[in-house]
Amino acid sequence: MAHFLGRRALHSAIALIGLILAVFFLVRLTGDPTDLYLPIDASLETRKEFAHKHGFDRPSTEQFFVFLKDVSKGDLGYSLRKQRPAMELVLEAYPTTLALAGVAMVLSITLAVIVGAIAAYKPGGVFDRISSIASLAGASAPDFWVAITGILLFAVTLRWLPTSGTGDLPYWILPIGVLMLRPFGLMVQVVRAAMLGALSSAYVKTARAKGVGETAVIFVHALRNACLSVVTVAGDLTVGLINGAVIIETVFGWPGVGKLMIDSVIQRDFPTVQATIMVTATAIFLLNVLIDLLYVALDPRIRHQ
Amino acid sequence: MSEHPILKIDDLHVEFRSGGETVHAVNGMSFQISPGETAAILGESGSGKSVTAAAIMRLLQSPPAFITGGSVHFKGQDVLAMPIAKWREYCGREIAMVFQDALTSLNPVFSVGWQIAELFRAHGVASGRDADARAVDLLDRVGIPDPALRARDYAHQFSGGMRQRVMIAMAIALGPDLLIADEPTTALDVTVQAQIMELLEGLRADSDMAMILITHDLGVVADVADNVAVMYAGRVVEHGPVAEVLARPGHAYTRALLDSVPRTHSKGHKLSPIVGSPPDLARIPKGCAFNPRCRFATDVCRTGAPPRITVAPGRIAECHHVEAVYNDN
Amino acid sequence: MTTADQESLIIRRGSPWWRMLIRDRFALIAALWLLILTLCFLFGPELFGEAATKLNLRARNLPPGSMEHGWLMYLGGDALGRSMLARLIVAARNTLAIALVAVFAAMIVGGALGMIAGYVGRGIGHVIMRFADILQSFPSLLLAVVVLYVLEPSVGNLIIVLAITRLPIYLRVTRAEVLEIRERVFVDAARALGGSRYHILRRHIAPVVAPTLLTILTVDFSIVMLAESSLSFLGIGIQPPEITWGLMVAQGRNYLSQAWWLAFFPGLAIMMATLSGNILSNWLRVVSDPEQRWRLEAPGDSTPRKSAGKNDV
């Protein structure tokens, strides 16, 4: 088990380091990093001053070590637009995104488990068909278009919901609803396949032969095994949710990390862009470690390898 | 045959429909067993023996399996007609089953102690720590060393033989009156096989439990069973007391099976396997299903269904040429 | 006694692909729609280019549903009176081209890297796999946003970025298949006969891996189309004067309350294209799986698989 966890953590760590390095090299790839920070029409003098102040005119190796030192201290630069440390901006925006993504994840997994389990229990039945259509729609629908159509229908035409912004429940319905589409579609298929496999397995046969009631057979024997498949996909799910959050936050004007990223790109505020990447990469690394721990907790076979 | 068999199967028919094809797995299987009796169901793979067992326990998944005819009576109750929830009350408590592959038949995410204790919990006999304690007792009874410790282990931490003992512990936990053992030793080493059969025999004798032993192993049948039913292509083609059937079979298939066993004392003798291969159950031959492979076959075998002939008291064989087979020794 | 002539093996012929397509109503519609899109791709800009740019101030913000100004204006007109339908048809080329090129590039490069990683293993293999890990563990949209920020959003860069984000899946699948095939006898035979590694990869392994990759490609096409649309919608993908459906949605968003069709129809076009792609890839999966094929085969097309003797039914 330690071997399994250790190896996985090492891989994730390498991925994280690789990403940080990639960001460093990417910025210097185009030659002059000043272009990324200053407006297009900045004068030559401003550029030179800027380059000198931020050490861009030093040899690359020196820049690299300075970069590493800064990163380890948590100093990810200063946002020129907002006149605040970039890290602060990012950490301020994260709770909004976490709330959005968190609720969407919990809701989609819960619904997917219910629909997927019932779909697997009666293949070809009503629930099964709902699950197929839902997955197909989730995988095919452009979320920004669904969001806009949703706003058009529910906010502009019917006036049931607000068009954008944060607040209490009505403000959450459209954003969460649209964000949930793809993860739900994906999860429903995963749960359905896992439950189909579990329900036709030999150990479920044994449970029935023992006289265990159908409810326990489905929700204890089968579901507990299907969980493993869900956890396996959890990482991809979260990454997909972050992607979705970028769009949803932009369309609905939620001040989360996604919107921060897009705004920073449009305003050419590179330190914030860089800081967002770093923090997100670290968060994903931690998440992967957590998922692996969860996997070990759920599957006794791995514990004894 | 006793007047009140504990299990009675009458003309059972089971079909599998998938891929546009219909496979006739069980074709008019009739069988009965009395309390305390050990009966073997002998047959090759594809003979329908495991499907029959699954049908009795109502473990078949519909689709693709469909019970299209016949009846099963357990202690006088119509098994196939009663609501499934009611039948589940019998399962584990009065009738139990041991499966072939213990590794896949045990749930990998729960400890074996938990799974045995589940029997007590599910049938309302005991709960919590009481159930766990009884589970440990059972592990001890089936010969697992350090039972208290081992109860917390998982299926993959046991060897094949130990796992099968766990399966047996689960089956006898509530003292069932009938135990169905579906190829309980096929997946095991020969030495372990003997131990498991010994265990089963011992447990059965202790509680006067009836046992249906499903197997393709003639040796096991000869050792343990009182009566044997030979199955071919979904039907019982011969049945009777073990000693008599194996000494002088009345059906050509039984004869061929016995002939195909390699004999240690006839060195230099050619092996005589049964020619051909088991029939495609989607296309069963007309007349007697065994006719393409039978050395006694004549034209009548290819056209007409064989009659049920009483070979001797308590012995039935379904063959056009019973006499020829019986006297060919 | 059974002899060889009594046992006959009749090989199942099965239905031709078009018959199986017809039997699946949804797949048929999806295929037809993709055919229409292909026609738009090939001839769209030439045939409708003028209509897409022609200003018609009388049809300014014309709502859809009327044939007053001709059939071209059935889907409505934009702020300058240009035909929505014509603009959609013209934008199809860019939208589809970018997705297609990106997806093929990903397949080829990812497949090649996967083959190297699988066949060579050891050092290079590990490096390639860690590289795939980095790509796959990070949200592709954010990655694309950053790279396009740094490199300027041109069509070429956009395609490269999209291709890179899809690399890992082809890489992993290819590597897995290569690892399995590598151990098979015919590869040993080729090696014994002196085949070089490149030769073995190209002639023996690639043909076996290709069908799997193509199946993945059909699903990936939809994913890449959605990704490009998202990027263009955010303003980071395609830049004017180039146009794709995603960008049209972004442009239409400003007029949501007055002219909803400006944002609605381009998005609908994206959805219909990706939906068709996904439906067809489901169909492909059923067709290429021998155990599922029977659902789509016509009863008369296949013959019995095996007869055990001359006496059976």
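Residue numbers start from 1 in every chain, and the chains themselves are labelled A, B, ... in the order their sequence lines are given, proteins ahead of strands.
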Sub-4.5 Å side-chain heavy-atom contact between [X] and [Y]:
X	Y	result
C:Leu234	A:Phe144	no
A:Thr238	C:Pro139	no
C:Phe138	A:Val239	no
A:Leu16	C:Ile134	no
C:Val146	A:Thr276	no

Where on [X] is there a heavy atom nearer than 4.5 Å to chain C: the side chain, the backbone, both, or neither?
X	answer
A:Ile151	side chain
A:Thr250	both
A:Val265	both
A:Ile148	both
A:Val251	both

Does the gap between the ring centers of C:Phe233 and A:Trp145 come in under 6.0 Å? no

I'd like to know if the side chain of C:Trp260 and the backbone of A:Leu152 have a donor-acceptor N/O pair within less than 3.5 Å.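 The answer is no, because no donor-acceptor pair under 3.5 Å joins these two groups.
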
Under a plain distance cut-off of 3.5 Å, with no hydrogens placed, do C:Ser137 and A:Asn288 share a side-chain donor-acceptor pair?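 Judged by distance alone, the side chains do not pair up.
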
Under the side chain to side chain contact (heavy atoms under 4.5 Å, CB included) rule, what do A:Ile247 and C:Leu141 come out as? Steps first, then yes or no, please. CA-CA 9 Å; A:Ile247 306 258; C:Leu141 203 61; 4.0 Å; yes

Contact part of [X] toward chain A, heavy-atom cut-off under 4.5 Å: side chain, backbone, both or neither?
X	value
C:Ser140	both
C:Leu148	neither
C:Val219	neither

Just so I understand: if I count every heavy-atom pair under 4.5 Å between each of C:Asn282, C:Leu268, C:Val147 and chain A, which residue has the most? C:Leu268

Given the options C:Leu142, C:Val249, C:Ile279, C:Ile270, which has more heavy-atom pairs under 4.5 Å with chain A than any of the others?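 Greatest number of close heavy-atom pairs with chain A: C:Leu142.
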
Identify, with sequence neighbours excluded, every residue that meets salt bridge (charged side-chain N to carboxylate O under 4.0 Å, His left out) alongside C:Arg253. none

Just one of A:Ile277, A:Leu19, A:Thr280 clears the side-chain contact (heavy atoms from CB on, under 4.5 Å) bar with C:Leu143, so which one? A:Leu19

Take A:Arg182 and C:Leu226, measure what side chain to side chain contact (heavy atoms under 4.5 Å, CB included) needs, and give me the verdict at the end. CA-CA 12 Å; A:Arg182 199 160 311 176; C:Leu226 288 175; 3.8 Å; yes

For the CD1 atom of A:Ile262 and the OH atom of C:Tyr149, what is their distance to the nearest 0.5 Å? 12.0 Å

Between A:Gly18, A:Ala141, A:Gly235, A:Ser264, the one whose heavy-atom pairs under 4.5 Å with chain C are most numerous: A:Ala141

